[in-house]
Amino acid sequence: MDTENIWQRCAAYIEERVGAALFKLWFEQLRVVRVEEDRVLLRAPNKFYVEWLNDNYLELLNDAFEEILFKAVNIDLFADTDSGDKVLGSEDILRAELLSIGKDSSGKPQGAVKGVVKGINLRYTFENFVVGPSNQFARAAALAVGDSVGKTYNPLFIYGDVGLGKTHIIHAIGNRVVQKNKKASVIYVTTEQFTNEVVTSIRHEKMSELKQRYRNVDILLIDDIQFIANKVQTQEEFFHTFNALYEKQKQIVLSSDRPPKELGDITDRLKSRFSMGLIADVQPPGVELKMAILQNKAETHGVKLPSEVAYYLATRIRSNIRELEGCLTKLAAHASISGEPITQMLAHEVLKDVFQDDETPINMDGILKIVCEYYGVSITDIKAKKRTKDVTVPRQVAMYLARELTEMSLIDVGKNFGGKDHATVIYACNKVEEKIKEDENFKRTIEKLRNRIKP
Ligand code: ADP
Ligand code: MG
């Protein structure tokens, strides 16, 4: 099969799954440039395609090629305008360089493996992180940590809502550390990956290797630590990893969607360790910061974004920066296909699906979904009569928010929770109000939930 042939068959596979319209928009212009042993080079018209496809359709592309080639391959997308080295994947090259620095390390003090860099994404740096009032504290703390590893704040605990730049900041620390000290050992790992590694290591009796890997780094960056809740063995292992690193004055950086105190089912000894250093939060960005991020991104991609369109996007997207970027990407791709300039009209047209969500009225289902997601409890449990501690608070919060954000009566609210009477609902609302007055963290949680529910 030649490359053209391969692509035609993949294209058919894809079109069948996404439909003609989406196919025409995102896939029709792709071309297979080269098929290697375990890699396919795929050319897209511009960077926006590359980004959009990587974020949204990589799995589908993988499936398609696997189906046609009868084996799993890596898909390397690149933009038509990219220079030659990009084709080879400049990130891969850099990473390979970084790893090879690790290999020829001489003199390993105390058996430490020097210069191992794992999991760091070179795309996320301090240089391309736009600062505003909502994130400057976390950024400054991260910068301080990147500049004096293990000596300033240990651990650094960064928390904030989804899509506000936590992962970006954490990688930026890693990149900074490697830039300054080529011999530094840095590992970035998501809590999910760490959990999987623990489970696999236990199963294959490879725990000592896992210990060796994680306890000998200069800096451990661990993302989304809230997912360690309920994972007993992982917590146990992480506790010892934490202590080992801490004692050697090695740096630990954690991210989470909530402050340590509010982490669900996590042992107290871990929670208290998370609070030992500095806790920094990232708040939702204001309109100005959102505009600055958009302009910054547009500029690096060579796109003309009029400020009224930036303003339009910044006011329509509530807080999630990932969503904001997604909108710009989509908009720019449309503009480049149609050859039209980016205008507010085009933005309105292209993004109406994205914005539509904002106009749907608030109802009980929406509230329950967000509250349950946040507390990690199931909707069935919260609606049932059950009276255990872990559903009591979420249930009271859901009742409170339903009263505040909808027109529902006390009785109607109660009906959603296994037929509770109106007195129970009043009691719940009072409880929540009291707690809001007493506990600053709880107050913020309620605000956060309210923002997620309310457009
Ligand atoms: P989180 O981990 O908090 O969910 P991410 O770090 O994944 O969020 O950020 C989502 C996207 O927004 C990323 O592409 C990131 O680069 C971008 N982003 C977030 N904050 C900023 C910022 N201040 N400047 C530039 N890009 C940002
Ligand atoms: Mg993240």
Side-chain angles (χ1 to χ4, degrees), residues 47-48 50-56 58 91 119-143 145-146 156-176 187-195 220-229 253-259 262-263 279-301 303 305 310 313-314 317-333 354 370 373-374 444 448 451-452:
K47 284 186 183 170
F48 283 108
V50 175
E51 217 163 286
W52 187 259
L53 290 165
N54 271 327
D55 285 350
N56 296 282
L58 200 54
E91 289 195 10
I120 302 289
N121 187 337
L122 296 162
R123 234 175 56 190
Y124 296 136
T125 61
F126 283 114
E127 286 73 30
N128 63 18
F129 187 80
V130 185
V131 198
S134 56
N135 61 24
Q136 67 181 14
F137 180 61
R139 178 187 170 274
L143 210 50
V145 163
L156 173 62
F157 190 101
I158 298 175
Y159 78 91
D161 236 332
V162 44
L164 300 186
K166 302 182 297 295
T167 298
H168 189 135
I169 294 176
I170 291 198
H171 281 286
I173 297 175
N175 280 312
R176 180 117 180 154
I187 292 190
Y188 165 91
V189 70
T190 65
T191 300
E192 221 178 346
Q193 284 164 349
F194 186 76
T195 305
L220 175 62
L221 308 158
I222 181 153
D223 210 353
D224 289 319
I225 197 71
Q226 73 273 10
F227 293 131
I228 208 172
V253 180
L254 308 127
S255 90
S256 161
D257 70 346
R258 63 200 78 184
E262 280 174 47
L263 288 166
I279 302 175
D281 65 338
V282 201
Q283 291 290 321
V287 172
E288 279 177 341
L289 178 58
K290 283 188 266 182
M291 286 178 70
I293 291 171
L294 284 170
Q295 295 290 11
N296 186 52
K297 194 171 160 81
E299 217 166 274
T300 41
H301 285 76
V303 170
L305 180 71
L313 296 180
I317 300 291
R318 269 173 282 157
S319 59
N320 190 325
I321 295 169
R322 189 175 298 120
E323 239 172 69
L324 197 66
E325 290 186 337
C327 286
L328 177 62
T329 303
K330 201 168 169 188
L331 194 56
V354 183
I370 284 164
E373 222 169 64
Y374 182 80
R444 284 214 206 161
K448 189 156 57 182
N451 284 335
R452 280 194 204 170

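Ligands are counted one by one from 1 in listed order, and the atoms in each one are counted from 1 as well. Keep in mind that the numbers below use all heavy atoms, side chains included, and drop hydrogens, waters and symmetry copies.
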Just distances here: any N/O of G165 and N/O of ligand 1 closer than 3.5 Å? yes
Geometry only, no angles: is I293 polar-contacting ligand 1 at N/O separations under 3.5 Å? no
So is G160 touching ligand 1 or not, going by heavy atoms under 4.0 Å? no
Enumerated ligand 1 atoms positioned under 4.0 Å from heavy atoms of N135: 23 (N)
For ligand 1, find out whether one of its N or O atoms is nearer than 3.5 Å to an N or O atom of L289. no
Under 3.5 Å, is there a donor-acceptor pair between the side chain of R318 and the main chain of N451? yes
Ignoring waters, protein N/O/S atoms under 2.8 Å from the Mg ion (ligand 2) are T167 OG1
Residue pair D223 / S255, side-chain donor-acceptor N/O under 3.5 Å: yes
Measure from the side-chain N and O atoms of S256 to the backbone N and O of I225, and report whether any donor-acceptor pair falls under 3.5 Å. no
H168 side chain to T125 main-chain N or O, any donor-acceptor pair under 3.5 Å? yes
Could you walk me through whether N175 and L122 pass the side chain to side chain contact (heavy atoms under 4.5 Å, CB included) test, one step at a time? CA-CA 7 Å; N175 280 312; L122 296 162; 3.1 Å; yes
Quick test: of every protein heavy atom, which one is nearest to atom 4 (O) of ligand 1, and how far off is it to 0.1 Å? G163 N, 2.6 Å
Atom 14 (O) of ligand 1: nearest protein contact (heavy atom, Å): E325 OE1, 2.7 Å
Evaluation steps, side chain to side chain contact (heavy atoms under 4.5 Å, CB included), between V303 and L331: CA-CA 10 Å; V303 170; L331 194 56; over 6 Å; no
Say whether R123, considering both its backbone and side-chain N or O atoms, lies within less than 3.5 Å of an N or O atom on ligand 1. no
Sorted by first residue and then second, give each side chain to side chain donor-acceptor pair (under 3.5 Å) pair with at least one member in residues 283-300; sequence neighbours left out. E51-K297, D281-Q283
Are any of the N or O atoms of V130 closer than 3.5 Å to those of ligand 1? yes
Does K166 use its side chain to pair, donor to acceptor, with the backbone of G160 at less than 3.5 Å? yes
To which of K166, H168, R322 does the heavy atom nearest atom 10 (C) of ligand 1 belong? R322
Main chain of Y374, side chain of R258: is a donor-acceptor contact present, judged purely on distance under 3.5 Å? yes
In the protein, what heavy atom is nearest to atom 2 (O) of ligand 1, and what distance, to one decimal place, separates them? T167 OG1, 2.7 Å
If the cut-off is 4.0 Å to any non-hydrogen atom of N128, which atoms of ligand 1 fall inside it? 24 (N), 25 (C)
Note the single closest protein heavy atom to atom 18 (N) of ligand 1, along with its residue, its atom name and the distance in Å. I321 CG2, 3.4 Å
Checking a contact table here: which protein heavy atom is nearest atom 21 (C) of ligand 1, and how many Å away? F129 CE1, 3.7 Å
Could you give me the CA-CA distance, side-chain angles and deciding distance for E262 and Y159, then say whether side chain to side chain contact (heavy atoms under 4.5 Å, CB included) is met? CA-CA 11 Å; E262 280 174 47; Y159 78 91; over 6 Å; no
Under 4.0 Å from one or more heavy atoms of D161, ligand 1 contributes atoms 3 (O)
Counting heavy atoms not belonging to E373, are there more than 12 under 6.0 Å from its CD? yes
Would you please test N135 and V130 for side chain to side chain contact (heavy atoms under 4.5 Å, CB included) and show each step? CA-CA 9 Å; N135 61 24; V130 185; 6.0 Å; no
Donor-acceptor under 3.5 Å (N128 side chain, R123 main chain): yes
